[in-house]
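Working notes, beginning with the structure itself.
Only heavy atoms go into these numbers, but all of them, side chains included; no hydrogens, no water, no symmetry mates. Residue numbers run from 1 in the order of the sequence given.
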Amino acid sequence: MQFLLCVIQYVLEMAVLIAIGVLGAFIGIKLRKKKDASAAAKGEQEK
């Protein structure tokens with residue numbers, strides 16, 4: 001029983017870390033697209 005609880009704890013910790021990583025990736029992609037769009041808009045205004 002003790003072993004099973006340890007395995008469940010590690011699986012839950014891994015799931016939380018994966019969720020944080022995926023969330024960070026989505027936020028990073030969104031911020032990068034926003035930065036690229038503003039840079040493109042700024043470049044078009046200078047022409």
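- Gln2 is linked by a side chain to side chain donor-acceptor pair (under 3.5 Å) to nothing, counting only residues two or more places apart in sequence or in another chain.
- Sorted by first and then second residue, the pairs that involve residues 16-35 and meet side-chain hydrogen bond (donor to acceptor under 3.5 Å, both in side chains), not counting sequence neighbours, are Arg32-Asp36.
- Under a 4.5 Å side-chain heavy-atom cut-off, the cluster of Ile, Leu, Val, Met, Phe, Trp and Tyr residues that includes Leu31 is completed by Leu23, Ile27.
- Within the structure, the side-chain hydrogen bond (donor to acceptor under 3.5 Å, both in side chains) test picks out the following pairs touching residues 3-29 (sequence neighbours left out): Gln9-Glu13.
- Side-chain contacts under 4.5 Å among hydrophobic residues (ILVMFWY), followed directly or transitively, place Ile8 together with Leu4, Leu12.
- With a 4.5 Å cut-off between side-chain heavy atoms of Ile, Leu, Val, Met, Phe, Trp and Tyr, the cluster of Val16 takes in Ile20.
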